[in-house]
Amino acid sequence: MSPDEDLPVALGRQVLAQLLRTYVTSGSGNFALAVLPGQAVDDDMVQDGVVNPLLVSEWLRADYDFPLLLRLSDCTPVPAALGTGISASSIYTLIAQYGRPVAAPDTDAGMRVRDLFILAKRDLGPNPGALPLGIEPDDWAAPTGAVHWQTFDTTATSAATSPPAEKTAETALPKANPALWKLRSRHWSQAVQETPRSALLALVADRATALQDAVATGEGTALAPSEVVTAREHAALSDTALTMLPTLRPTAVAAEPEPAPEPSATTTPTSGGELHVHFEHSLVRMVRRFAGTPWWHPELIEDPGWYLPGMRRGQLVPAPPEDGTAHCLPQALLLVRDVRITGSWTAEAHAALDSAAPAFGPFLLHPGTGSPATADGSGTTTVLGLGTQVIGILGTPMPALPPTDDPGKPPPPAYEPFPGAAWFRSAPRSPVIHMMGRRLVEEQCSAYREAPGPQWTEADRASFAKWQHKLGYRGTDADGIPGPASWNALRVPRAA
């Protein structure tokens with residue numbers, strides 16, 4: 001290992017510690033802060049020094065209006081999750097328009113829920129599809145806006161070159177994910193074909209319309225769930241590195257080993273073992289309000305006393321697939337600007353910095369700023385960030401939605417019969433595998449790093465082996481290939 005191979009990770013730990021102290025304090029309530037690869041704020045949103053609210057609303061709807069599944073126990077967002085793949089705004093509108101109280105209308109519980117729906121429908125107005133999303137302060141992106149910026153300025157030193165006292169203190173910092181904290185020659189979003197924002201919005205609108213029609217006719221269960229939960233994740237599902245992005249929590253993190261990052265980034269960024277890092281950061285709040293009146297009422301979402309016609313519990317927003325995970329509603333965006341990173345860069349690092357879309361950790365960088373010609377007399381070079389960027393989301397956990405089954409629907413379907421051991425050895429792709437994986441997660445027998453899917457993989461085999469061990473099987477009887485007894489004991493619901 002070279003002396004400064006872990007320098008980016010050392011920097012990441014200091015950055016994460018500062019963000020946690022600033023935005024996720026002990027009195028901040030039930031929040032989770034996910035730090036993601038940066039997204040540049042579009043210059044078109046500011047016209048003649050004024051923020052265009054229509055462009056802001058469209059941007060938020062395409063990129064930040066989706067429940068984000070976070071694996072809180074190991075600080076990892078999950079890019080594929082069970083859900084309908086429609087926006088939080090569409091989910092809320094559907095609930096407000098078609099939700100019904102579980103309790104009888106002449107009871108206190110029934111009247112409470114009825115009043116919540118009356119309020120929600122009133123504030124949605126006659127055209128719920130046009131309700132805006134916004135950011136406060138409303139001049140957040142203007143050059144002279146009222147956003148309060150705080151400064152981060154430090155010299156990060158790799159663990160290998162730190163003196164003993166500093167190295168000891170470093171261990172108290174939060175764990176940084178090495179998959180994110182690297183110098184890369186391209187931003188993660190460049191790894192996949194970008195999906196136009198208009199196409200994403202049209203996709204969300206089509207799904208919302210289909211779901212609304214199904215609920216209006218009492219046939220909500222006829223819609224098969226999607227595995228795409230956010231527009232950004234939709235554009236990046238093929239990038240396995242996105243399964244390892246860090247999520248910050250105010251509580252201690254389990255000391256499990258990090259997954260090995262893919263070797264596509266520069267591992268020796270500097271020759272001197274240190275970096276001077278400067279940036280300004282701020283948190284801006286997302287608002288769901290029209291003409292000064294909130295149209296989103298969280299008390300309706302949190303109330304357990306309602307259902308949607310024709311739908312099962314959790315069909316819109318599923319219950320967390322395992323302990324330590326949660327679907328979080330974005331409530332605020334973490335912004336950075338004036339990013340400056342100075343170091344004695346290696347030749348490999350200069351090549352990465354001179355690429356078309358370089359990035360360091362979550363920060364997008366100006367291309368070409370790493371040229372040796374920009375180095376000062378001491379041999380150091382300063383690279384600059386790409387304007388104002390969003391590098392994180394602050395969210396609050398959501399309950400399963402709907403919170404209960406439609407009481408008029410028949411009982412859940414029967415369990416899947418055992419398909420035979422040979423079927424599993426053929427590596428099948430089937431909804432049965434999907435449902436099996438969900439049940440293994442529910443039984444806390446998960447070896448998955450992503451949400452289970454329909455394709456049989458080694459993760460399915462390892463998870464089923466955990467289930468067999470839980471049942472008391474050992475040796476070849478616990479090899480992860482289901483047998484009739486272990487399969488029937490799992491009680492896998494029949495796939496739709």
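In this chain, numbering begins with 1 at the start of the sequence shown.
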Ignoring hydrogens and angles, tell me if any N or O in the side chain of [X] forms a donor-acceptor pair with the backbone of [Y] under 3.5 Å.
X: Gln468; Y: Gly480; answer: yes
X: Arg461; Y: Asp479; answer: yes
X: Glu416; Y: Val432; answer: no
X: Ser57; Y: Pro53; answer: no
X: Arg184; Y: Gly361; answer: yes
X: Asp405; Y: Arg312; answer: no
X: Asp406; Y: Pro309; answer: no

Validation row: [X], [Y] side chains within 4.5 angstrom (heavy atoms):
X: Arg439; Y: Glu443; answer: yes
X: Tyr307; Y: Thr404; answer: yes
X: Trp306; Y: Leu116; answer: no
X: His327; Y: Leu401; answer: no
X: Asp460; Y: Phe424; answer: no
X: Pro8; Y: Pro269; answer: yes
X: Gln455; Y: Ile433; answer: no
X: Phe464; Y: Trp487; answer: yes

Kindly compute the distance separating [atom1] ([X]) from [atom2] ([Y]), expressed to the nearest 0.5 Å.
X: Leu133; Y: Trp295; atom1: CG; atom2: CH2; value: 5.5 Å
X: Trp456; Y: Ser426; atom1: CH2; atom2: OG; value: 10.0 Å
X: Asp65; Y: Ser87; atom1: CG; atom2: OG; value: 4.5 Å
X: Leu394; Y: Leu333; atom1: CG; atom2: CG; value: 9.5 Å
X: Leu60; Y: Met45; atom1: CG; atom2: CE; value: 7.5 Å
X: Thr388; Y: Gln39; atom1: OG1; atom2: CD; value: 12.5 Å

Quiz item: Which residue, Leu335, Leu19, Ile391, Val15, forms the side-chain contact (heavy atoms from CB on, under 4.5 Å) with His281?
Solution: Leu19

Quiz item: For the rings on Trp296 and Tyr92, is their centre-to-centre separation under 6.0 Å?
Solution: yes

Self-check item: Working for side chain to side chain contact (heavy atoms under 4.5 Å, CB included), residues Leu300 and Ile95
Solution: CA-CA 9 Å; Leu300 174 61; Ile95 292 169; 4.1 Å; yes

Quiz item: Would Tyr64 and Trp59 satisfy ring pair (Phe, Tyr, Trp, His ring centres under 6.0 Å), going step by step from the backbone distance to the final call?
Solution: CA-CA 8 Å; Tyr64 300 108; Trp59 173 61; 5.4 Å; yes

Quiz item: When you look at Leu131 and Arg288, which way does the side chain to side chain contact (heavy atoms under 4.5 Å, CB included) test go after all the steps?
Solution: CA-CA 8 Å; Leu131 291 171; Arg288 297 166 173 87; over 6 Å; no

Nearest heavy-atom neighbours spanning [X] and [Y]:
X: Ser282; Y: Tyr23; result: CA-OH, 3.2 Å
X: Gly314; Y: Ala400; result: CA-CB, 4.2 Å
X: Leu471; Y: Ala489; result: CD1-CB, 4.1 Å
X: Ala103; Y: Gly110; result: CB-N, 3.6 Å
X: Leu283; Y: Ala332; result: CG-CB, 3.8 Å
X: Ala96; Y: Phe117; result: O-CD2, 3.9 Å

Self-check item: Flag if over 12 foreign heavy atoms under 6.0 Å of CZ, Phe290
Solution: no

Quiz item: Are a donor atom and an acceptor atom from the side chains of Thr93 and Gln97 found within less than 3.5 Å of each other?
Solution: no

Quiz item: Going by atom types only, do Tyr415 and Asn488 share a side-chain donor-acceptor pair under 3.5 Å?
Solution: no

Exercise. Report the C-alpha separation of Arg285 and Glu136 in whole Å, then their side-chain angles, then the decisive distance to 0.1 Å, and conclude whether the side chain to side chain contact (heavy atoms under 4.5 Å, CB included) test is met.
Key: CA-CA 5 Å; Arg285 187 164 65 95; Glu136 287 186 345; 2.5 Å; yes

Quiz item: Any side-chain hydrogen bond (donor to acceptor under 3.5 Å, both in side chains) pairs touching residues 111-134, not counting sequence neighbours?
Solution: Arg112-Asp303, Asp123-His297

Exercise. Under the side chain to side chain contact (heavy atoms under 4.5 Å, CB included) rule, what do Arg61 and Ser89 come out as? Steps first, then yes or no, please.
Key: CA-CA 8 Å; Arg61 282 188 179 277; Ser89 296; 3.5 Å; yes

